[in-house]
Amino acid sequence: DVQRDFWLQRRGSRGAMAQRLAGSSVEFDSGGRGPHSSVNFVTAHDGFTLHDLVSYAQRHNLANGEHNRDGHGHNLSINNGIEGATDNAAVLLARRRQRQALLAALLLSLGTPMLLSGDELGHTQGGNNNAYCQDNDTTWLRWDAADADLCGFVARVIALRHALPLLQSRGWWQSEPHGCDPAALWYTPQGQRMQASDWEDGQGLAWALVLHQPQSNDALLLLLNGHAHPMAFNVPAGAWCLRLDSESGWAGTASGVLAPQTSVPGTCLQLATLAAAAPAGA
């Protein structure tokens, strides 16, 4: 719900979103449990598929025989101006950007990601969010109609997670360097360390996260912009090479060094790695 609220409804506090990126440590960091105890998901077998989450503002469950009264009514979904299927290019582009931002945030968050089968294919249930009783074309996966571009994006993000040890941490993120656990340093787009008032700012839908390993030079930079418009970021010191851009759907080997001030598109998550040793927390 926090992810949906942030990316689709453009509301909520930075603190709530940061907690989900950090594996919901407030709830799970107890009794000796590790980050893998936290299972992250945006969609599940009950409710909208990811495709429908950004294509329908209301559930469409008449075929279930309960006069559209069944299924969850609090979906935090969005239709981007047109309910359901459309060939409007602008609407389709907005939906793609939202799906890719949600998927990237899911797959890069600390903890165990849970990906609903079919979401990587662009599977739709026609707005039915309680389709347990539909053993037919509503729920069957259409492998022949799979969205190849979306499949490729998901595969590349998963490969990136496997390639970067900081994204596979077995320890909770710390606010300051401590032992072997990664340090998580949070910044405003202006490049200032986050303060208490910044965390509760309901209008602040953009910030930067630097993850670094105290015992090595490994570091990651995550730039998030949940606004509808581009945001300028003062990038923390270091030669940061872009590895993922959810807006374009690109993810892979290092590509170019980010300028000290870079613009991040609306509804976008970017990930960069440190090309050379630098004071990642500067």
Side-chain angles (χ1 to χ4, degrees), residues 1-30 35 38 40 42 74 76 78 97-98 101-102 104-106 108-111 166-167 169 171-179 181-214 219-238 240 244-247 258-272 274 278-282:
D1 281 359
V2 172
Q3 292 272 15
R4 296 180 182 196
D5 222 16
F6 179 83
W7 293 111
L8 305 182
Q9 305 300 324
R10 305 191 191 282
R11 64 190 184 195
S13 70
R14 287 165 165 161
M17 180 64 174
Q19 266 296 311
R20 302 306 161 233
L21 291 173
S24 302
S25 58
V26 169
E27 289 83 6
F28 288 92
D29 185 10
S30 64
S38 175
N40 304 318
V42 175
H74 181 68
L76 298 172
I78 189 173
R97 287 173 172 168
Q98 290 161 351
L102 283 161
L106 167 66
L108 298 182
S109 293
L110 185 63
L166 274 171
L167 295 176
S169 174
W172 297 101
W173 297 347
Q174 305 296 320
S175 58
E176 298 295 340
H178 177 71
D181 295 338
L185 307 176
W186 307 84
Y187 297 87
T188 66
Q190 295 74 34
Q192 305 299 316
R193 289 287 296 272
M194 296 277 282
Q195 304 300 316
S197 59
D198 297 317
W199 287 118
E200 300 305 323
D201 181 4
Q203 303 302 313
L205 299 179
W207 73 95
L209 164 65
V210 171
L211 275 180
H212 72 99
Q213 179 55 257
L220 299 177
L221 171 65
L222 201 63
L223 304 177
L224 292 95
N225 181 14
H227 294 285
H229 53 81
M231 286 287 295
F233 281 80
N234 289 329
V235 177
W240 297 102
L244 179 149
D245 176 64
S246 72
E247 194 265 350
L258 295 178
Q261 185 172 82
T262 187
S263 178
V264 176
T267 316
C268 181
L269 181 154
Q270 292 185 348
L271 176 72
L274 199 58

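Atoms considered below: every heavy atom in the structure, side chains included; atoms not considered: hydrogens, waters and symmetry mates. Just so it is clear, the structure is predicted and the values come from calculations on it, not from any experiment.
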For this session: Grab the two heavy atoms, one from Leu76 and one from Leu8, that are nearest each other, plus how far apart they are.
Result: O-CD1, 3.6 Å
For this session: Enter the distance from Asn225:CG to Leu223:CG here, rounded to the nearest 0.5 Å.
Result: 9.5 Å
Problem set entry | Spacing of Leu21 atom CG and Gln3 atom CD [to the nearest 0.5 Å] | 6.0 Å
Exercise. Heavy-atom distance under 4.5 Å between the side chains of Leu221 and Leu274, does that happen here?
Worked result: no
Exercise. Are Tyr187 and Gln192 close enough that some pair of their side-chain heavy atoms sits under 4.5 Å apart?
Worked result: no
Exercise. Looking only at heavy atoms, which two atoms of Trp7 and Ala105 are closest? And how far apart?
Worked result: NE1-CB, 3.9 Å
Exercise. Can you tell me if Ser263 uses its side chain to pair, donor with acceptor, with the backbone of Pro230 under 3.5 Å?
Worked result: no
For this session: Mind checking the CG-CG spacing from Leu166 to Leu108? Nearest 0.5 Å is all I need.
Result: 12.0 Å
Exercise. When you look at Ser169 and Leu110, which way does the side-chain contact (heavy atoms from CB on, under 4.5 Å) test go after all the steps?
Worked result: CA-CA 7 Å; Ser169 174; Leu110 185 63; 4.0 Å; yes
For this session: Please lay out, stage by stage, how Asn234 and Gln190 fare under the test side chain to side chain donor-acceptor pair (under 3.5 Å).
Result: CA-CA 5 Å; Asn234 289 329; Gln190 295 74 34; over 6 Å; no
Exercise. For Leu205, which of Arg14, Met17, Arg11, His227 qualifies under side chain to side chain contact (heavy atoms under 4.5 Å, CB included)?
Worked result: His227
Problem set entry | Distance-minimising heavy-atom pair for Asn40 and Leu106 | O-CD1, 3.2 Å
For this session: Working to the nearest 0.5 Å, report the span between OG1 of Thr188 and CE of Met194.
Result: 7.5 Å
Exercise. Between Trp186 and Trp199, how do the two ring planes meet: parallel, tilted or perpendicular, split at 30° and 60°?
Worked result: perpendicular
Seminar exercise, completed: In terms of heavy-atom contacts, Trp240 and Leu220 come closest through CZ3-C, 3.6 Å
Exercise. CZ/Phe233 to CD/Gln261 distance, rounded to the nearest 0.5 angstrom?
Worked result: 11.0 Å
Seminar exercise, completed: To the nearest 0.5 Å, atom CZ of Arg10 lies from atom OG1 of Thr267 at 3.5 Å
Exercise. For the residue pair Trp172 and Gly23, what are the closest heavy atoms and their distance?
Worked result: CZ3-O, 3.6 Å
Exercise. Closest heavy-atom contact between Arg4 and Leu102?
Worked result: N-CD2, 4.5 Å
Exercise. What do the steps show when you test Gln19 against Ser25 for side-chain contact (heavy atoms from CB on, under 4.5 Å), and what is the final call?
Worked result: CA-CA 7 Å; Gln19 266 296 311; Ser25 58; 3.6 Å; yes
Exercise. Can you find a pair of side-chain heavy atoms, one from Cys268 and one from Met231, that are under 4.5 Å apart?
Worked result: no
